[in-house]
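Only one structure is covered here, and it is reproduced in the block below.
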Amino acid sequence: MGSDAAAEALAYGWEHWPRVGSMSNPAGYLFRVGQTAARATRRREGFLPAPSTAELPDFEPALLPALEALSDSQRVCVLLVHGYRWTQVEVAELLEVSPSTVRTHLARALANLQQALEVSPHDH
């Protein structure tokens, strides 16, 4: 699904480059094209496939449903900042929002994840 969405975004960018290339943030626009393509092909059973029990990595199994329950904006911010180690400013530039909007998405997402996973920031 992800590689298909990326291919769709690249093909769209190649085909429409005169228009896309003149945009203030062509990468952000193409990110949205890929995101739309991924939504169109999303499977009925959910955003993330359920892992087989034989291949479970060392993480909380409730994390996947908790991530799925986040809004798209919250999930993108959490994955880019905490999963891929992007800075909040980089995420803000990609999504064409302010850094404070990214901070708000992150704060709300982390609060939702803590509630869903029944943990607090002091449970180390």
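Keep in mind that the numbers below use all heavy atoms, side chains included, and drop hydrogens, waters and symmetry copies. Counting from 1, the numbers follow the sequence of the chain as shown.
- With sequence neighbours left out, Leu94 forms a side-chain contact (heavy atoms from CB on, under 4.5 Å) with Phe31, Leu80, Trp86.
- In this view, Gln74 and Leu70, Ser71, His105, Arg108, Ala109, Asn112 satisfy the side-chain contact (heavy atoms from CB on, under 4.5 Å) rule, not counting sequence neighbours.
- Leu110 and Leu63 fall within a single hydrophobic cluster, where Ile, Leu, Val, Met, Phe, Trp and Tyr are joined by side-chain heavy atoms under 4.5 Å apart, directly or via other members.
- No more than 12 heavy atoms of other residues, nucleotides or ligands lie within 6.0 Å of CD in Gln115, so this atom counts as exposed by the packing criterion.
- Not one N or O on the side chain of Thr101 forms a donor-acceptor pair closer than 3.5 Å with the backbone of Val97.
- Under a hydrophobic-cluster definition in which Ile, Leu, Val, Met, Phe, Trp and Tyr are linked whenever side-chain heavy atoms come within less than 4.5 Å, directly or via other members, Val119 and Leu64 are assigned to the same cluster.
- Under a 4.5 Å side-chain heavy-atom criterion applied to ILVMFWY residues, the cluster that includes Val33 comprises Tyr12, Trp17, Val20, Met23, Tyr29, Leu30 as well.
- The two residues Pro26 and Ser24 come nearest to each other via the heavy atoms CD-C, 3.7 Å.
- Annotation: side-chain hydrogen bond (donor to acceptor under 3.5 Å, both in side chains) contacts of Ser22 (sequence neighbours excluded): none.
- Across every non-hydrogen atom of Gly34 and Ala9, the tightest pair is N-CB, 3.8 Å.
- Ser73 is linked by a side-chain hydrogen bond (donor to acceptor under 3.5 Å, both in side chains) to nothing, counting only residues two or more places apart in sequence or in another chain.
- In this structure, Glu93 CD and Leu95 CG are separated by 10.5 Å, a value rounded to the nearest 0.5 Å.
- A heavy-atom distance below 4.5 Å is not found between the side chains of Cys77 and His82.
- Taking each heavy atom of Pro99 and Ala92 in turn, the nearest pair found is N-CB, 3.7 Å.
- For the side-chain hydrogen bond (donor to acceptor under 3.5 Å, both in side chains) test, residues two or more places apart in sequence or in another chain that qualify with Arg32 are Gln35.
- Of all heavy-atom pairs spanning Arg75 and Asp72, the tightest one is NH2-OD1, 2.5 Å.
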